[in-house]
Every structure is written in structure tokens, then in C-alpha cells.
Amino acid sequence: MDTSLKNNNYFEQVYQVVQLIPKGRATSYGAIANYLGLKGGARMVGWAMNAAHALPDIEAHRVTNRNGQLTGKMHFSTPTEMEELLDADGIQVTNDQIEDWKTIFWDPQTELL
DNA sequence: ACCGTGACGAGAT
DNA sequence: CATCTCGCCACGG
């Protein structure tokens, strides 16, 4: 048997949460990590998003850091794509930071519960 | 097998 | 209140 069971399973968990983010809202890496029980592993969520970038149905632009800052915009096809996508969702971004992040923030552990 | 890096976060100074 | 450091786990060289 395949003893080398990949943890890709948790990657998929992240994708599911990202796809569950309602339009006009966004969440943070740490929030997803915390929801999945990976608390402290926020970096892993970011790493998962890197792989997610290869997937068509993963809207990584709805995931930012804890400050609502577009830290990962540089990883998109273009440095402005993340802002454009967020703007398309009705989220206003200024200086690479989401405006009114406190309201835009969508915590799966609280809202999705 | 070891070291360094990384789309982060929280605590300490 | 701003800045620094350490911790988290996984992957690349």
C-alpha cells in the first residue's frame, strides 16, 4: 500500500473553505488554518494557495493576511489582478490593503459555523 | 540528512 | 504604538 499518504488532503480542505467564501467578503490565512485546526500553520495555507493557483476554481484573491493586506498579489499573473478581482467582488482596495477589512473579514469558524 | 526559505501570526520589547 | 523575534509545517536545494 501507499504508506506515503500525502497531506494533500489538507490542501483540498483549504480550497473548499476558499470556495465557500461569500462574494463581497474575504478571509485570512490564519483564519482558515485555525478553522482547519492548523492554527499556527497559516504559512501552510499560503503554501496551499500557491498550489491552488494552478486550479481554475480557486479564488485566492479572497484570501489575505490577518491585516487584510494583499500580501500575495505579487504571485498572481499580474500585480494588479488581485485588486481587480476584489474590486469585482465589491471590495475596495487601497494601497494594497482592503478598505473596511473589519467588515469584509469572513471568519469560517464564526460565520460558517 | 541538513539548512534555508516562505501568499503568516502572535507575543515580547 | 511601532518594530523585532520566534514559532508553525512543508518543500527545495
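Letters go in sequence order (proteins before strands), and every chain restarts at 1. Quick caveat: nothing in here was measured; it's all calculated off a predicted structure.
Contacts between chain A and DNA chain B, taken as any atom within less than 4.0 angstrom of a protein heavy atom, begin and end at B:dG6 to B:dA10.
Each of A:M44 and A:R66 was assigned the nucleotide of DNA chain B with the nearest heavy atom; the assignment lying further toward the 5' end belongs to A:M44. Closest-nucleotide positions on DNA chain B for A:W47 and A:N65 were compared, and the one nearer the 5' end corresponds to A:W47.
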Begin from the C-alpha positions of A:K23 and A:R62 and carry the test side-chain contact (heavy atoms from CB on, under 4.5 Å) through to its verdict.
CA-CA 9 Å; A:K23 186 175 183 180; A:R62 289 182 179 169; 3.7 Å; yes
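Here A:S28 lies in heavy-atom contact (under 4.0 Å) with sugar-phosphate atoms only. Among the heavy atoms of the strands lying under 4.0 Å from A:A60 is at least one base atom, whether or not backbone atoms are also near. At a threshold of 4.0 angstrom between heavy atoms, the contacts of A:G41 with the nucleic acid are absent.
Among A:T71, A:L70, A:V18, A:I58, the one residue that satisfies the side chain to side chain contact (heavy atoms under 4.5 Å, CB included) test with A:V63 is A:V18.
Panel note: side chain A:Y10, backbone A:M44; a donor-acceptor pair is recorded below 3.5 Å.
By the rule that hydrophobic residues join a cluster once side-chain heavy atoms approach within less than 4.5 Å of another member, A:L86 and A:F76 end up as members of one cluster.
Here the P atom of nucleotide C:dC8 and the NZ atom of A:K39 are 12 Å apart, to the nearest Å. A:R43 places its CZ atom 11 Å from the P atom of C:dC8, with the value rounded to the nearest Å. A:L36 places its CG atom 15 Å from the C1' atom of C:dC8, with the value rounded to the nearest Å.
Between the CG atom of A:L36 and the CG atom of A:N9 there is a distance of 10.0 Å, given to the nearest 0.5 Å.
Considering every non-hydrogen atom in both A:N65 and A:Y29, the closest pair reads N-CE1, 3.3 Å.
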